[in-house]
A.B. asks: 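Right, I'll just put the structure down here and ask away after.
Keep in mind that what you see is a predicted model, and the values were worked out from it rather than measured.
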Amino acid sequence: MSTGNSPAHDPWDLMRRTTQARIGLRRSGYTLSTHDVLTFQADHAAARDAVHTPMDIDTVGKGLRELGFGEPIAVTSRASSRAEYLRRPDLGRMPADLSSIESSGADIGIVIADGLSATAVDTHAVALVDAVTSALTPQFTVAPPVLASQARVALGDHIGEALGVEMLIVIIGERPGLSVADSLGIYLTYAPEPGRRDSERNCISNIHPPDGLGYADAARIVAALVAGARQLGASGVALKDTSAGEAAVAAAEQSGLT
């Protein structure tokens, strides 16, 4: 019940604070409340913008340059426009021209791809690359980063082969939802070359702090997978992330519980 002009207590309020999902939607008669309708429309617009807005190559490139891994290289897929990229996923997996890429001899190559959310790349990519490279160096050498537009994950196989790296990390904008439009994913491929199957990659998803996976946690998982891939000589379904268990054991040892 309400008292005076104060609204009645909503038992869903506390739970809504713990998730970005749409739960306990309010109703007004036979339809949703005006607040929830407007929120839905705003989130839908944000998702559309994430898909259709071009990646800010200049700003992202400047941020990558300041990390000290060399001049970023910009490439595109064979999709000539955003509309064609969305209609033809196959073109997003093929490079238009990789003549600007030279073999680096590095252990690790990093591709930053717009994917289906340039918003995610613009918001998180530079900070995530910083965390990942900090976790990998000096144990591994890292090639100059590559910025890929109109790109699907498999475009990285061509780039990794051209770079001549042992392993490739593709950081890519994930398909936006109606609660998250700025989420990044990371795909690790050992011995990248055209024709690699999705089962030969490892994926870390839902990277969008503060509500999703944080940069440091994502970097820790990447470092563990990279070390495991080198030991195993493969990535994908045969490679498992054991970093959480190892971290728990280390914490227990530090606290004297073992």
Side-chain angles (χ1 to χ4, degrees), residues 50-58 60-61 64 69-104 106-122 124-126 128-129 132-133 142-176 182-205 207 218 222 225-226 229 234-236:
V51 171
H52 292 285
T53 302
M55 176 171 56
D56 188 348
I57 292 179
D58 291 340
V60 176
L64 294 173
F69 287 94
E71 184 68 24
I73 304 165
V75 302
T76 64
S77 73
R78 291 186 186 175
S80 59
S81 66
R82 199 65 183 166
E84 185 174 50
Y85 168 80
L86 295 172
R87 292 194 308 267
R88 294 284 305 275
D90 57 315
L91 296 180
R93 301 183 183 106
M94 301 294 295
D97 181 13
L98 297 182
S99 60
S100 59
I101 297 179
E102 299 180 356
S103 181
S104 67
D107 299 319
I108 308 289
I110 296 179
V111 174
I112 299 91
D114 51 5
L116 289 168
S117 177
T119 299
V121 174
D122 295 345
H124 301 295
V126 173
L128 180 57
V129 170
V132 168
T133 52
V142 180
V146 177
L147 282 164
S149 300
Q150 320 290 28
R152 304 279 176 173
V153 173
L155 181 63
D157 296 334
H158 300 267
I159 297 171
E161 183 181 55
L163 285 171
V165 293
E166 180 183 7
M167 284 170 270
L168 188 77
I169 294 169
V170 175
I171 296 173
I172 190 167
E174 294 185 315
R175 184 187 307 275
D182 65 340
S183 182
L184 285 177
I186 296 177
Y187 290 81
L188 170 69
T189 306
Y190 184 85
E193 61 181 8
R196 285 294 187 198
R197 300 183 299 273
D198 288 342
S199 60
E200 295 175 293
R201 316 183 201 284
N202 292 86
C203 176
I204 307 162
S205 64
I207 305 167
V222 168
L225 289 173
V226 165
S235 56

A.B. asks: Using a 4.5 Å cut-off on heavy atoms from C-beta on, say whether the side chain of Pro54 contacts that of Asp114.
C.D. replies: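 No - every pair of side-chain heavy atoms lies 4.5 Å or more apart.
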A.B. asks: Can you find a pair of side-chain heavy atoms, one from Glu102 and one from Ile73, that are under 4.5 Å apart?
C.D. replies: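 No, side chains not in contact.
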A.B. asks: Using the rule given for side chain to side chain contact (heavy atoms under 4.5 Å, CB included), can you reason through Leu116 versus Tyr85, listing the C-alpha separation, both sets of side-chain angles and the distance that settles it, and then say yes or no?
C.D. replies: CA-CA 10 Å; Leu116 289 168; Tyr85 168 80; 4.0 Å; yes
A.B. asks: Could you pull out all residues at least two apart from Glu174 that satisfy salt bridge (charged side-chain N to carboxylate O under 4.0 Å, His left out)?
C.D. replies: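 Expected list: none.
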A.B. asks: Run the ring-ring contact (aromatic ring centres under 6.0 Å, His included) test against His124 and tell me which residues pass, sequence neighbours left out.
C.D. replies: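 Checked His124 against ring-ring contact (aromatic ring centres under 6.0 Å, His included); matches are Tyr215.
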A.B. asks: Is any side-chain heavy atom of Leu128 closer than 4.5 Å to one of Ile186?
C.D. replies: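 Yes, side chains in contact.
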A.B. asks: Identify the two heavy atoms, one from Met55 and one from Ile112, that lie closest to each other, and give their separation to 0.1 Å.
C.D. replies: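 Scanning both residues completely, I find the closest heavy atoms to be CE-O, 4.4 Å.
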A.B. asks: I'd like to know if the side chain of Thr189 reaches the main chain of Pro192, judged simply by a donor and an acceptor atom lying under 3.5 Å from each other, with no hydrogens or angles considered.
C.D. replies: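 Judged by distance alone, no pair lies under 3.5 Å.
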A.B. asks: Measuring from Glu193:CD to Glu200:CD, what's the distance to the nearest 0.5 Å?
C.D. replies: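 Answer rounded to 0.5 Å: 8.0 Å.
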A.B. asks: Taking all non-hydrogen atoms of both residues, which atom of Val142 and which atom of Ala106 are closest, and how far apart?
C.D. replies: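 That closest heavy-atom pairing would be C-CB, 3.8 Å.
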A.B. asks: Which heavy atom of Asp182 sits nearest to which heavy atom of Ala120, and what is that distance?
C.D. replies: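 Looking at all heavy atoms of both residues, the shortest contact is C-CB, 3.3 Å.
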A.B. asks: How close do Leu188 and Ala229 get, counting heavy atoms only, and between which atoms?
C.D. replies: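 Closest heavy-atom pair between Leu188 and Ala229: CD2-CB, 4.4 Å.
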A.B. asks: Would Arg196 count as a cation-pi partner of Tyr190, with NZ or CZ less than 6.0 Å from the six-membered ring centre and within 45° of the ring normal?
C.D. replies: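 Ring-cation test returns no.
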A.B. asks: Under the criterion side chain to side chain contact (heavy atoms under 4.5 Å, CB included), I'd like the reasoning laid out for Ile101 against Ile159: C-alpha separation, chi angles, the key distance, then a yes or no.
C.D. replies: CA-CA 8 Å; Ile101 297 179; Ile159 297 171; 3.9 Å; yes
A.B. asks: Which distance, rounded to the nearest 0.5 Å, do you find between the CZ of Arg87 and the OG of Ser81?
C.D. replies: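 The distance works out to 6.0 Å.
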A.B. asks: Does Leu225 form a side chain to side chain contact (heavy atoms under 4.5 Å, CB included) with Ser235? I'd like the steps, not just the answer.
C.D. replies: CA-CA 8 Å; Leu225 289 173; Ser235 56; over 6 Å; no
A.B. asks: Looking at Glu71 and Pro144, what are the two nearest heavy atoms and their distance?
C.D. replies: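 Of all heavy-atom pairs spanning Glu71 and Pro144, the closest is O-CB, 3.8 Å.
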A.B. asks: Answer yes or no: is there a donor N or O on one side and an acceptor on the other, between the side chain of Arg93 and the main chain of Asp157, under 3.5 Å?
C.D. replies: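 No; judged by distance alone, with no hydrogens or angles, the pair does not exist.
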A.B. asks: Rounded to the nearest 0.5 Å, how far apart are CZ of Arg78 and CE of Met94?
C.D. replies: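 It is 4.0 Å, given to the nearest 0.5 Å.
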A.B. asks: Give the minimum heavy-atom separation between Gly109 and Ala143, together with the two atoms involved.
C.D. replies: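 Heavy-atom minimum between the residues: CA-CB, 4.4 Å.
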A.B. asks: Does Leu168 offer a backbone N or O that forms a donor-acceptor pair with the side chain of Tyr187 under 3.5 Å?
C.D. replies: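 Answer holds: no.
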A.B. asks: With a 6.0 Å cut-off (strictly less than), is the heavy-atom count around CD of Glu84, excluding the residue itself, greater than 12?
C.D. replies: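 Result for CD/Glu84: enclosed.
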A.B. asks: Between Ser77 and Arg152, is any pair of side-chain heavy atoms under 4.5 Å apart?
C.D. replies: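 Result no, sub-4.5 Å side-chain heavy-atom pair not found.
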A.B. asks: Can you tell which of Pro95, Ser149, Ser99, Ser100 makes a side-chain contact (heavy atoms from CB on, under 4.5 Å) with Val75?
C.D. replies: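 The residue from Pro95, Ser149, Ser99, Ser100 that satisfies side-chain contact (heavy atoms from CB on, under 4.5 Å) with Val75 turns out to be Ser100.
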A.B. asks: Let's go through Ile207 and Ile171 carefully: what are the C-alpha distance in whole Å and the side-chain angles of both, what is the deciding distance for side chain to side chain contact (heavy atoms under 4.5 Å, CB included) to 0.1 Å, and is it a yes or a no?
C.D. replies: CA-CA 10 Å; Ile207 305 167; Ile171 296 173; over 6 Å; no
A.B. asks: Report yes if the side chains of Ile108 and Val132 come closer than 4.5 Å at any heavy-atom pair, otherwise no.
C.D. replies: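 Not in contact.
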A.B. asks: Does any N or O in the side chain of Asp56 come within less than 3.5 Å of the main-chain N or O of Asp122, such that one atom is a donor and the other an acceptor?
C.D. replies: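 Not at all, since once roles are kept as given, no pair shorter than 3.5 Å links the two residues.
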A.B. asks: Return the set of residues passing salt bridge (charged side-chain N to carboxylate O under 4.0 Å, His left out) with Asp198 (not counting sequence neighbours), or none when no residue passes.
C.D. replies: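 Checked Asp198 against salt bridge (charged side-chain N to carboxylate O under 4.0 Å, His left out); matches are Arg201.
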